[in-house]
Amino acid sequence: AFAALKGDVEKQLATLVPPSFPRGVPGLLWAHLPRYLKTIARRVDKAPGNAKRDQELAARVFPSLRAFSQLHAARDHTVPHPELDRLQWMIEELRVSLFAQDLKTAIPVSEKRVAEQVEKVQRERAA
C-alpha cells in the first residue's frame, strides 16, 4: 500500500531538491521549500491507516503532475520558463491544500486553477 506513496514522495523530492540543487530550484519555490518538506512529512505521518485516502488525494494531483513532467521534459533549457515555474509552484501549493491544510497555501489554489495554468504553459510553448 505504501509503494505508491513512496514513489510519489521520491519524485516530489527529486523535483524540489534536484541534482542541480540549489541552482536548479526555481526562485518561486525557494521561500516555500520548508513548508513543502513539512507537507511531505505530514503526508507520510498520516499514511498509516489512511492509505486509501492518500491514494485518492494523490490521484487528484496526478493529472497536473503528468502534464508538468511532459512540459518540463520538453522545455528549452537555454531560456527561462516563468509560467512553467509557476505551474510547479501551484502544484506544490495544491499538495499543501490536500495533504497539510494547516500549513496554509501561499495562494488560492484548486485543481481547476492548476489545470488553467497547464493550459497557459501549453499555449506559451506552442507560441
Side-chain angles (χ1 to χ4, degrees):
F2 294 109
L5 170 65
K6 182 179 183 239
D8 193 31
V9 167
E10 287 173 349
K11 288 176 189 172
Q12 183 179 8
L13 285 171
T15 60
L16 289 174
V17 187
S20 59
F21 184 86
R23 193 178 62 254
V25 176
L28 256 176
L29 273 69
W30 260 112
H32 306 282
L33 278 176
R35 190 164 43 88
Y36 299 152
L37 296 174
K38 285 179 188 175
T39 297
I40 293 170
R42 298 268 169 86
R43 180 181 177 189
V44 171
D45 285 346
K46 292 178 184 178
N50 290 310
K52 183 178 180 195
R53 175 78 172 139
D54 183 82
Q55 290 172 349
E56 291 168 354
L57 295 175
R60 292 173 59 184
V61 179
F62 182 74
S64 303
L65 284 175
R66 184 180 56 232
F68 173 77
S69 294
Q70 292 168 348
L71 292 163
H72 190 264
R75 77 192 184 290
D76 177 352
H77 295 278
T78 63
V79 296
H81 298 278
E83 294 302 331
L84 185 62
D85 293 347
R86 182 169 175 76
L87 175 58
Q88 182 181 5
W89 181 49
M90 291 176 74
I91 291 169
E92 293 304 327
E93 292 297 325
L94 181 61
R95 283 178 161 149
V96 171
S97 77
L98 295 173
F99 295 108
Q101 300 85 1
D102 62 309
L103 296 179
K104 309 252 188 262
T105 60
I107 56 169
V109 68
S110 66
E111 293 161 74
K112 181 181 177 187
R113 289 180 180 185
V114 175
E116 290 169 353
Q117 183 65 21
V118 167
E119 290 174 11
K120 188 174 186 177
V121 175
Q122 289 169 333
R123 284 191 308 270
E124 178 185 76
R125 185 172 157 229

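It should be emphasised that the depicted structure is a prediction, and the values quoted were computed from it without experimental measurement.
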What's the spacing between Thr105 OG1 and Leu98 CG if we round to 0.5 Å? 10.5 Å
Distance check, rounded to the nearest 0.5 Å: Thr15 atom OG1 versus Gln88 atom CD? 5.0 Å
CD on Glu92 to CG on Leu16, rounded to 0.5 Å: 4.5 Å
Stepwise, does the side chain to side chain contact (heavy atoms under 4.5 Å, CB included) test hold for Leu37 with Leu13? CA-CA 8 Å; Leu37 296 174; Leu13 285 171; 3.7 Å; yes
Looking at side-chain heavy atoms only, is the closest gap between Asp54 and Lys46 below 4.5 Å? no
Could you give all pairs that pass the side-chain hydrogen bond (donor to acceptor under 3.5 Å, both in side chains) test and reach residues 56-70, with sequence neighbours left out? Arg60-Glu111
Going from OG1 on Thr39 to CZ on Arg43, what distance comes out if it is rounded to the nearest 0.5 angstrom? 10.5 Å
Enumerate the ring pair (Phe, Tyr, Trp, His ring centres under 6.0 Å) contacts for residues 100-127, please, sequence neighbours excluded, ordered by first and then second residue. none
Under the side-chain hydrogen bond (donor to acceptor under 3.5 Å, both in side chains) definition, can you give me all pairs with a residue in residues 112-126, not counting sequence neighbours? Glu83-Gln117
Which atom of Val25 lies closest to which atom of Leu33, heavy atoms considered: CG1-CD1, 4.1 Å
Check whether Arg35 reaches the backbone of Lys104 with its side chain - one donor and one acceptor, N or O, closer than 3.5 Å. yes
Centroid-centroid under 6.0 Å between Trp30 and Phe21 rings: yes
Ring pair (Phe, Tyr, Trp, His ring centres under 6.0 Å) pairs, two or more places apart, involving residues 87-127: His32-Trp89
With rounding to the nearest 0.5 Å, note down the distance linking CG in Leu103 to CD in Gln101. 9.0 Å
Over 12 foreign heavy atoms within 6.0 Å of CZ, Arg75: yes
Got a sec, which pairs hit ring pair (Phe, Tyr, Trp, His ring centres under 6.0 Å) with one end in residues 45-86, sequence neighbours left out? Phe68-His72
Leu65 vs Asp8, side chain to side chain contact (heavy atoms under 4.5 Å, CB included): CA-CA, chis, key distance, verdict: CA-CA 10 Å; Leu65 284 175; Asp8 193 31; 4.0 Å; yes
Just to verify, what does Pro80 make a side chain to side chain contact (heavy atoms under 4.5 Å, CB included) with, not counting sequence neighbours? Pro82
Could you pull out the closest heavy-atom pair between Ala59 and Pro63, with the gap in Å? O-CD, 3.2 Å
When rounded to the nearest 0.5 Å, the distance separating CG of Leu57 from CZ of Arg95 is 11.5 Å
Do other residues, nucleotides or ligands put more than 12 heavy atoms under 6.0 Å from the NZ atom of Lys38? no
